[in-house]
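All ligand and atom numbering here is 1-based and tracks the order in the structure. Values in this document were obtained by computation on a predicted structure and should not be read as measured data.
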Amino acid sequence: MRIILLGPPGAGKGTQAKLISNEYSIPHISTGDIFRKNISEQTPLGVKAKSYMDKGQLVPDELTIEIVNDRLQEDDCKKGFLLDGFPRTVSQAEALDSFLQQKGTKIDKALLIEVPHEFILERMTGRRVCKDCGASYHVKFNPSKVESVCDLCGGELIQRKDDSEETVKERLEVYSNQTAPLVKYYNEKSNLCKVDGTLEIEEVFQNICDILGSDK
Ligand code: ADP
Ligand code: ADP
Ligand code: ZN
């Protein structure tokens, strides 16, 4: 199964991606996580990406498309994958389609997690992420069992620099201008499914499983 997750920052894409990846045994590919790993390792890609991410802007398409194409060539993607945070522009979506077409495959489902903007600020400013595995927590809505420690891997939980109020506002603007047009793009391809992201994490996951069904 080849799935993409769409939705504004803070919709719950990363949270649901971990659950889906586990349930359907497909790799979870998060462009944000790939960039953050490169930043922490101070690679040339990380240095370039950081300047955009810190401002809440998108990393340029050429860079982003290349890292995703490389990742999708890996063996573990042969039987499917889950893209979280990619595509974020129409050019990225077109590049993904043409890459998959060359391989004789396509995206099975684009899942849009809908959350009104007024919910987002509280979600983002309370978000804590694992430094090691990228798992997402929330101080109020989804706290870790032990404070500041990841339930999954024991890593330290930190607050992302771009989760400040000012940067979140910029990211929401970027989402509306550059990413929201993808809703129409996938609607026209008839593979868009919408889920209500304001429900509890487990309920959202159940609704996603109902949509994806039992094909694994
Ligand atoms: P995204 O990857 O779309 O930016 P995350 O999965 O990181 O979003 O979730 C953003 C924040 O909201 C995190 O702190 C997460 O714990 C919390 N969160 C995720 N899903 C829900 C939900 N259904 N209800 C309340 N809080 C949620
Ligand atoms: P969120 O979980 O809040 O949606 P991500 O971790 O997906 O955030 O992305 C963090 C930042 O990484 C984005 O604000 C952007 O700067 C960069 N980024 C991630 N994915 C992409 C992409 N597909 N295209 C361009 N920039 C991206
Ligand atoms: Zn972890």
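Of all heavy-atom pairs spanning Arg127 and Ser136, the tightest one is CD-OG, 3.3 Å. Taking all atoms of both residues into account, the shortest heavy-atom contact from Asp61 to Ser91 is OD2-CB, 3.4 Å. The nearest pair of heavy atoms linking Thr167 to Met53 is CG2-O, 4.4 Å. The minimum heavy-atom distance linking Asp151 with Lys145 is given by the pair OD1-N, 2.8 Å. The two residues Phe35 and Ile67 have their closest heavy-atom pair at CE2-CD1, 3.7 Å. Residue Leu58 comes nearest to Gln178 through the heavy atom pair CD1-OE1, 3.5 Å, listed as atom of the first residue, atom of the second, then distance.
Under a 4.0 Å criterion applied to the non-hydrogen atoms of Gln57, ligand 2 contributes the atoms 15 (C), 16 (O). Close contacts between ligand 2 and Lys13 involve ligand atoms 4 (O) [criterion: under 4.0 Å to a heavy atom]. Within ligand 2, counting atoms from 1 as listed, the ones closer than 4.0 Å to a heavy atom of Arg36 are 6 (O), 10 (C). Against a heavy-atom cut-off of under 4.0 Å, Thr31 is close to the following atoms of ligand 2: 19 (C), 20 (N), 21 (C), 23 (N). Shown in contact with Met53 at under 4.0 Å from a heavy atom are these atoms of ligand 2, numbered in order with element: 11 (C), 12 (O), 16 (O), 17 (C). Using a 4.0 Å cut-off to heavy atoms of Arg171, the atoms of ligand 2 that qualify are 1 (P), 3 (O), 8 (O), 14 (O).
The shortest N or O to N or O distance between Pro87 and ligand 2 is not below 3.5 Å. Residue Val59 has at least one nitrogen or oxygen atom sitting less than 3.5 Å from a nitrogen or oxygen atom of ligand 2, judged on distance alone. In terms of polar-atom proximity, Ser136 is counted as a contact of ligand 1, with an N or O under 3.5 Å from an N or O of the ligand. Where the criterion is an N or O separation shorter than 3.5 Å, residue side chain and backbone included, Arg127 meets it with respect to ligand 2. Between Gly126 and ligand 1, a contact under 3.5 Å exists for no N or O pair. In terms of polar-atom proximity, Val204 is not counted as a contact of ligand 1, lacking any N or O under 3.5 Å from an N or O of the ligand. Not a single N or O atom of Thr198, backbone or side chain, sits closer than 3.5 Å to an N or O atom of ligand 1.
One hydrophobic cluster, built from ILVMFWY side chains closer than 4.5 Å, cannot hold both Ile29 and Leu19; they sit in different ones. Residues Val129 and Tyr137 do not share a hydrophobic cluster, clusters being chains of Ile/Leu/Val/Met/Phe/Trp/Tyr side chains in contact below 4.5 Å. Neither Val47 nor Tyr52 shares a network with the other; the hydrophobic side chains, linked directly or stepwise wherever heavy atoms of I, L, V, M, F, W or Y lie under 4.5 Å apart, form separate groups for each.
With a 4.0 Å heavy-atom cut-off, ligand 2 is reached by no atom of Glu170. Residue-level proximity to ligand 2 for Lys55 is absent, since no heavy atom of it falls below 4.0 angstrom. Proximity of Leu58 to ligand 2, defined as any heavy-atom pair under 4.0 Å, is shared by backbone and side chain alike.
In this comparison of Arg123, Glu122, Glu200, the heavy atom closest to atom 24 (N) of ligand 1 sits on Arg123.
Of all protein heavy atoms, the one closest to atom 21 (C) of ligand 1 is Ile201 CG1, 3.5 Å. Atom 14 (O) of ligand 1 has as its closest protein heavy atom Tyr137 O, 2.7 Å. Shortest contact from atom 15 (C) of ligand 1 to any protein heavy atom: Thr15 OG1, 3.9 Å. Looking only at protein heavy atoms, the nearest one to atom 17 (C) of ligand 1 is His138 CB, 4.1 Å. Ranking the protein heavy atoms by distance from atom 8 (O) of ligand 1 puts Gly12 N, 3.1 Å first.
Ligand 2 has at least one atom lying under 4.0 Å from a heavy atom of Met124. Note on ligand 2: Lys50 sits outside its first shell, no heavy atom being nearer than 4.0 Å.
The local environment of CD in Gln42 is sparse, with at most 12 non-hydrogen atoms from other residues, nucleotides or ligands closer than 6.0 Å. Dense packing is recorded around CD of Glu74, with more than 12 heavy atoms of other residues, nucleotides or ligands lying under 6.0 Å away. The local environment of CD in Glu41 is crowded, with over 12 non-hydrogen atoms from other residues, nucleotides or ligands closer than 6.0 Å.
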Give every donor-acceptor pair under 3.5 Å between a side-chain atom in residues 1-13 and any protein atom, sequence neighbours left out.
{"from": "Arg2", "atom 1": "NH2", "to": "Lys78", "atom 2": "O", "distance (Å)": "3.3"}
{"from": "Lys13", "atom 1": "NZ", "to": "Gly7", "atom 2": "O", "distance (Å)": "3.1"}
{"from": "Lys13", "atom 1": "NZ", "to": "Pro8", "atom 2": "O", "distance (Å)": "3.0"}

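Judged by the 6.0 Å and 45° rule, Lys184 forms no cation-pi pair with Tyr186.
Taking 4.5 Å as the limit, every side-chain heavy atom of Glu94 sits out of range of all side-chain heavy atoms of Ile65. Annotation: side chain of Gln16 is in contact with side chain of Ile208 (closest heavy-atom distance under 4.5 Å).
Applying side-chain contact (heavy atoms from CB on, under 4.5 Å) to Leu182 and the options Asn187, Thr89, Val90 leaves one that passes, Val90.
If you look at the Zn ion (ligand 3), the protein N, O or S atoms less than 2.8 Å from it are Cys130 SG, Cys133 SG, Cys150 SG, Cys153 SG.
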